[in-house]
Amino acid sequence: MSDVSQPAAHPPVTDWVNDFDHTDPQWTDDPFPIWEELRATSPVVHTERFLGCYMPTTYEAVREIANDTEHFSSRRIIVRDVRPEVARNAAPPITSDPPVHKPAKQLLLPPFTPDAMKKLEPRMRAICNELIDGFIADGKVDAAARYSKYIPVQAIAHMLGIPESDSDLFINWIHMILELGIKDETKLLQAVQEMSAYFRTHIEARRSKPTDDLISYLMNAKDKEGQPLEESHVLGSLRLLLIAGIDTTWSAIGSSLWHLARTPADRERLIAEPALIPTAVEELLRAYSPVTMAREVVKETTVSGCPVKAGNMVLLSFPAANRDPKMFPDADKVVIDRRENRHAAFGLGIHRCVGSNLARMEMQVALEEWLKRIPDFRLDPAGTVTWSQGTVRGPRQLPFLLGRAM
Amino acid sequence: MTERLRVRVDPDKCQGHARCKALAPELFELDEYGNAHEAGDGIVPPGLEDKAWLARSNCPEIAIDVIEE
Ligand code: SF4
């Protein structure tokens with residue numbers, strides 16, 4: 001099992017507009033009314049917490065920042081209590097700014113195109129069905145712990161060529177980096193070191209016995225000058241692929257199932273019209289977008305007319321942008337056949353999520369296979385749904401009763 | 001309605017979200033990095049107008065133009 005301990009507490013928030021905190025339990029539980037309040041006040045709000053941090057609240061303000069690499073740096077991508085020295089090659093390309101960003105990203109794009117994902121799809125269907133086999137007879141399940149969590153872990157393990165049986169190890173590192181690490185530097189460093197050591201062992205093994213997975217792909221990749229990548233770059237990108245691939249899609253699949261458990265009309269429609277699933281997936285991505293990235297203001301500027309000062313962080317909330325009623329009519333409703341949907345769940349601009357095609361495929365397959373075998377399910381009133389904190393939002397406990405009889 | 005539609009992808013804006021390819025596979029192609037360009041000369045064959053507009057309104061980078069000729 002993964003380490004379920006929670007990060008240290010901050011003082012509770014009493015003034016959301018001037019003192020917001022995305023790690024506050026109220027936010028973790030139900031951020032939607034908070035975003036609404038902040039958006040009604042200003043397109044950009046500020047808190048003194050986290051050594052100074054802005055948050056754009058509208059789609060337009062988020063878009064402006066995402067497209068402005070001159071004033072906003074990606075060298076720090078998580079809003080945390082501390083700002084230690086920036087490590088070189090922390091997790092390229094997500095932590096890179098232009099001009100080094102582009103070659104680092106282009107390296108990772110070919111293995112993640114929609115065509116490449118099609119080849120992976122049969123394996124994903126098998127993984128989903130193996131997971132369902134494990135609990136379907138029980139009549140109840142924690143769908144976060146036993147289904148949505150393992151789909152992305154096993155997919156990325158498959159692509160990286162590392163054992164799917166090490167999944168719990170990966171999940172624990174990610175919890176330490178994305179949640180505990182916001183407030184506890186040592187947890188973050190420990191996880192990064194353990195991950196690096198893990199990947200070094202796999203790199204070593206491939207030197208004598210090359211494989212056709214992503215580790216070998218990165219080891220054989222050449223930079224612009226035709227030189228092999230530095231080892232720190234290979235390790236950084238491998239860490240990124242493991243970290244970015246798991247929590248995010250786990251959350252997206254979990255939120256989707258949570259929605260369908262509570263909304264029988266949508267569930268029945270998707271069962272009757274499976275061709276609508278891809279459209280519904282986009283809407284679920286919009287409504288429950290899991291990922292909030294960060295930027296650091298490196299040069300003073302204005303965003304949607306609001307001044308922002310260097311030295312502050314920016315909580316770049318794609319989820320809040322996706323709930324902006326100016327951009328999406330009925331933004332707070334989940335409309336599974338919404339036709340116009342330019343949602344920003346995978347980010348905007350040059351830092352668009354490299355794994356977006358993988359995530360979409362995993363979500364579609366996970367919902368299709370689930371609905372085929374478990375058309376009836378609902379929240380277990382005897383259990384509690386819990387949500388992750390901070391950078392990635394999704395259900396971490398999702399107790400369901402399965403089947404009509406229950 | 002005799003007017004003809006043409007789709008165009010702005011390569012500087014496209015970030016490879018691949019929404020266009022998913023929604024209108026006949027009208028767009030992706031390169032090895034997953035970035036899009038219009039298929040052929042971008043002229044929308046009759047019957048696919050709806051798909052052209054759909055791709056345009058779902059591109060997160062607002063990189064797609066639909067031109068009425
Ligand atoms: S949807 Fe837009 S950004 Fe995505 S590939 Fe098509 S043109 Fe490019």
- Under 4.5 Å heavy-atom distance to chain A, tell me which part of B/L23 shows up: side chain, backbone, both or neither. neither

Distance, nearest 0.5 Å, that separates [atom1] of [X] from [atom2] of [Y]:
X	Y	atom1	atom2	result
B/Y33	A/L108	OH	CG	11.5 Å
A/L109	B/N35	CG	CG	6.5 Å
B/Q15	A/K105	CD	NZ	5.5 Å

- Item | Minimal non-hydrogen separation, B/L30 against A/P114, with atom names |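 Closest heavy-atom pair between B/L30 and A/P114: CD1-CG, 3.5 Å.
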
- Within residues 338-356 of chain A, which positions have a heavy-atom distance to chain B below 4.5 Å?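 Residues of residues 338-356 of chain A touching chain B at under 4.5 Å: A/R339, A/E340, A/N341, A/R342, A/H343, A/G347, A/L348, A/G349, A/I350, A/R352.
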
- Query: Under a 4.5 Å cut-off applied to non-hydrogen side-chain atoms, are A/R63 and B/I62 in contact?
  - Reply: yes

- Item | Winner by heavy-atom pair count (cut-off under 4.5 Å) against chain A, out of B/R19, B/R56, B/K13 | B/R19

- Task: Inspect the surroundings of CG in B/D41 and state if more than 12 heavy atoms from other residues, nucleotides or ligands are less than 6.0 Å away.
- Result: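 Yes, CG of B/D41 has more than 12 neighbouring heavy atoms, counting only those of other groups under 6.0 Å.
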
